[in-house]
Amino acid sequence: MEKIVEQGLLYDFYGELLTEHQRNVYEDAVYNDMSLTEIAEQYGISRQGVHDLIRRCDKLLAGYEEKLRLVQKFTEAKRKMEQINSLADEAKCLPDNACRECLDRIRELTAELMENF
């Protein structure tokens with residue numbers, strides 16, 4: 001996964017677990033694409049301090065994912081839902097027997113999704 005996309009996903013899932021200061025700095029760096037120098041000036045800290053804070057936040061967010069696996073579960077659920085939609089579209093054009101197979105596969109995928117929630 002591209003680093004910026006991964007950072008965004010991790011932040012979306014676990015950002016509320018960071019302090020307000022960490023969230024503000026991290027959002028400026030990741031979402032607002034501000035430079036370390038701009039962030040440092042805005043918060044009255046050193047450029048190195050901003051860099052260290054962002055790295056600490058990256059490690060914290062990655063640690064939460066390692067323990068909770070919410071992003072992984074979300075990604076798997078999204079993939080299965082895409083398969084379900086594809087199968088449903090495919091089933092519209094198939095003869096009855098093939099359609100039943102598609103519906104059976106949809107039921108399997110739905111059951112797998114439900115097990116995770």
Residue pairs fulfilling ring pair (Phe, Tyr, Trp, His ring centres under 6.0 Å) with at least one residue in residues 22-42, sequence neighbours excluded: Tyr11-Tyr26, Tyr11-Tyr31
By salt bridge (charged side-chain N to carboxylate O under 4.0 Å, His left out) - contacts of Asp52 (at least two apart): none
Between Asp28 and Tyr43, a side-chain donor and acceptor under 3.5 Å: yes
Interatomic distance, Met81 atom CE to Thr110 atom OG1 [nearest 0.5 angstrom]: 10.0 Å
Side chain to side chain donor-acceptor pair (under 3.5 Å) partners of Arg79, counting only residues at least two apart: none
Partner residues of Glu16 under the side-chain contact (heavy atoms from CB on, under 4.5 Å) criterion, sequence neighbours left out: Arg23
Reported CD-to-CD1 distance for the pair Gln7 and Ile4, which is rounded to 0.5 angstrom: 4.5 Å
Atom of Ile54, atom of Ala29 and distance for their closest heavy-atom approach: CD1-CB, 3.4 Å
Thr75 side, atom OG1; Arg69 side, atom CZ - distance, nearest 0.5 Å: 11.5 Å
Step-by-step side chain to side chain contact (heavy atoms under 4.5 Å, CB included) determination, Ile84 to Leu113: CA-CA 11 Å; Ile84 288 170; Leu113 283 169; 3.8 Å; yes
Partners meeting side-chain contact (heavy atoms from CB on, under 4.5 Å) with Lys59 (sequence neighbours left out): none
Sole residue of Val25, Leu18, Thr19 in side-chain contact (heavy atoms from CB on, under 4.5 Å) with Cys57: Leu18
For Arg107, salt bridge (charged side-chain N to carboxylate O under 4.0 Å, His left out) partners two or more places apart: Asp104
Gap between atom CD of Gln22 and atom CZ of Arg56 - 0.5 Å precision: 7.0 Å
Pairing residues for Glu27 by the salt bridge (charged side-chain N to carboxylate O under 4.0 Å, His left out) criterion, not counting sequence neighbours: none
Side chain to side chain, Leu17 and Leu60, heavy atoms closer than 4.5 Å: no
Contacts of type side-chain contact (heavy atoms from CB on, under 4.5 Å), residue Glu82, not counting sequence neighbours: Lys78
Polar side-chain atom of Glu65 near backbone of Val71 as donor-acceptor pair, under 3.5 Å: yes
Any Lys80 side-chain heavy atom under 4.5 Å of Gln83 side chain: yes
Non-neighbouring partners of Glu41 that pass side-chain contact (heavy atoms from CB on, under 4.5 Å), sequence neighbours left out: Thr37
His51: ring pair (Phe, Tyr, Trp, His ring centres under 6.0 Å) partners, not counting sequence neighbours: none
Partners passing salt bridge (charged side-chain N to carboxylate O under 4.0 Å, His left out) against Arg47 (at least two apart in sequence or in another chain): none
Closest heavy-atom pair and its distance - Tyr14, Leu70: OH-N, 3.1 Å
Heavy-atom closest pair, residues His21 and Ile45: NE2-CD1, 4.4 Å
Residues in side chain to side chain donor-acceptor pair (under 3.5 Å) contact with Glu108, at least two apart in sequence or another chain: Arg105
Short side-chain donor-acceptor distance under 3.5 Å, Gln42 and Glu38: no
Side chain proximity check, Leu87 to Leu109, heavy atoms < 4.5 angstrom: yes
